[in-house]
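Here is the structure we will look at, set down as structure tokens.
Order of appearance sets the numbers: ligands from 1, and atoms from 1 within every ligand. Values below: all heavy atoms of this structure, side chains included; hydrogens, waters and symmetry mates excluded.
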Amino acid sequence: MSQKTSNTMWGGRFASGPDAIMEEINASIDFDKRLYREDIAGSKAHAEMLGAQGIIAAEDVSKIVEGLARIEAEIEAGNFTFSRKLEDIHMNIESRLAELIGPAAGRLHTARSRNDQVALDFRLHIRTAFQALEARLTDFIAALVDKAEQHAETVMPGFTHLQVAQPVTFGHHCLAYAEMAARDRSRCRDALKRLDECPLGTAALAGTGFPIDRSATASALGFSAPTRNSLDTVSDRDFALEFLSVAAITATHLSRLAEEIVIWSTPQFGFVKLSDAFSTGSSIMPQKRNPDAAELVRAKPGRINGALISLLTVMKGLPLTYSKDMQEDKEQVFDAIDSLSLALAAATGMVRDLTVNEAKMRAAAGHGFSTATDLADYLVRELGLPFREAHHVTGRAVSLAEESGVGLEDLPLDVLRSLDPRITEAVYEVLGVDASVRSRRSFGGTAPDNVRAQVEYWRKRLADERN
Ligand code: ARG
């Protein structure tokens with residue numbers, strides 16, 4: 001069915017309006033209405049600047065600003081009728097403004113184009129998203145630091161290849177994720193610095209002949225400066241690509257934690273128990289307790305990485321400057337913003353609520369001859385063996401223990417002495433998991449004292465940031 005109503009905004013040149021298919025493919029209002037606040041803030045700053053520069057009359061500025069405020073209230077109250085015929089958020093708002101204030105509305109678009117308008121709106125939206133992400137990451141770090149403090153001494157197996165490697169402390173493991181989240185946060189901050197230039201006033205692509213003041217609009221909108229090249233500005237979506245890159249890395253980190261939580265909460269591991277709030281039962285198997293929230297966090301990189309690849313692909317090979325392809329830049333970014341925010345909230349909640357089965361962790365920490373390296377280090381330190389030889393002797397001790405089906409710490413002294421007669425009773429001090437973690441005091445190591453020092457470091461860093 002074709003519709004033949006003329007588009008009210010660019011009607012002049014077109015005898016009849018787009019048909020239904022064109023309208024559907026062309027319209028972005030269904031998703032870009034999410035940018036209404038940014039669009040209104042941009043229009044307000046633009047109108048005030050036009051007034052201050054004497055490009056439009058002061059009374060028109062007042063009408064425009066009041067009208068925009070009314071529109072914002074209407075949208076917020078759910079009383080605004082969005083129309084596909086008006087294509088996008090920019091034209092929906094401008095058209096409503098004309099209904100509200102009459103001909104003065106027509107002056108708002110002086111020295112502006114939807115190309116710089118959308119570049120501004122989207123950039124403002126991403127700025128807010130980065131700030132929100134940074135705040136969520138800070139909460140996540142705080143939750144990890146609290147857990148780390150509670151478990152500075154809790155011993156668990158550290159893994160490589162998911163095989164028991166050496167005992168570590170659970171607190172140290174929690175702080176590993178705090179480090180990742182802190183890098184994610186610093187990536188947000190780096191990106192915010194690059195994003196800190198205002199596109200408004202670059203107009204369609206070439207700038208404008210009107211005597212606008214781009215520094216004024218930049219500072220009204222909270223930017224340090226205007227962008228320097230109009231062609232680049234209306235073509236640029238790097239800020240969104242950077243958001244998606246940061247989001248993809250962050251989601252990857254969260255998925256690794258989520259995977260560990262899934263593994264740890266199996267009855268076979270039994271290291272942690274998720275709170276009821278973050279688990280679900282099975283509709284058929286009454287005994288089940290499923291880590292659904294963790295699994296969903298683990299899955300989020302699917303859509304977030306997808307969004308990154310999608311936008312990179314849309315932008316690839318586009319000639320300067322604006323092409324309508326770029327309207328395809330938004331939906332998946334919005335989805336990534338929402339998905340990541342939810343995933344971080346869930347991860348933070350899971351960490352806060354997690355209860356640790358210390359006995360199970362400790363027992364598992366001693367499995368798999370996890371203190372073998374400690375024995376080798378003892379042979380080097382106390383008996384002066386070269387590490388390679390100590391490694392060899394320890395390997396023999398491990399096979400002896402394996403043959404008798406016991407742990408290293410259960411091997412009788414005379415058996416150990418058959419490997420090297422200089423070994424003394426003192427060897428048993430290094431074979432326990434507690435002694436093992438206590439000894440790993442090198443900076444960045446897992447010793448409980450190190451964990452406590454790192455907890456202090458994070459507390460201070462987070463507090464300094466708040467001040
Ligand atoms: N809805 C458009 C977008 O999202 C706004 C810019 C349209 N500009 C244009 N010249 N058609 O990209």
**Q.** Aromatic ring proximity F130/F243, centre distance under 6.0 Å
**A.** yes
shortest atom 8 (N) of ligand 1-to-protein heavy-atom contact is with N115 OD1, 2.9 Å
the protein heavy atom lying closest to atom 11 (N) of ligand 1 turns out to be R114 NH2, 3.5 Å
Ligand 1 to S28, heavy atom cutoff 4.0 Å, flagged ligand atoms 1 (N)
Do you see a donor-acceptor pair shorter than 3.5 Å between the side chains of E74 and Y36? no
The residue among T227, T321, D116 that forms side chain to side chain donor-acceptor pair (under 3.5 Å) with T233 is T227
Can we call the ring centroids of Y177 and F140 under 6.0 Å apart? no
Kindly assign one of parallel, tilted or perpendicular to the pair F82 and F80, based on the angle between their ring planes and the thresholds 30° and 60°. tilted
Residue, atom and distance of the protein heavy atom nearest atom 3 (C) of ligand 1 read Y322 OH, 3.2 Å
re atom 2 (C) of ligand 1, the protein heavy-atom contact at minimum distance is Q327 OE1, 3.2 Å
Less than 4.0 Å is my threshold; does some heavy atom of H90 fall inside it relative to ligand 1?
yes
query = Does ligand 1 have an atom under 4.0 Å from some heavy atom of K330?
reply = yes
*Taking both backbone and side-chain atoms of D88, is any N or O found less than 3.5 Å from an N or O belonging to ligand 1?*
yes
Is it the case that more than 12 heavy atoms not belonging to E259 sit under 6.0 Å from its CD atom?
yes
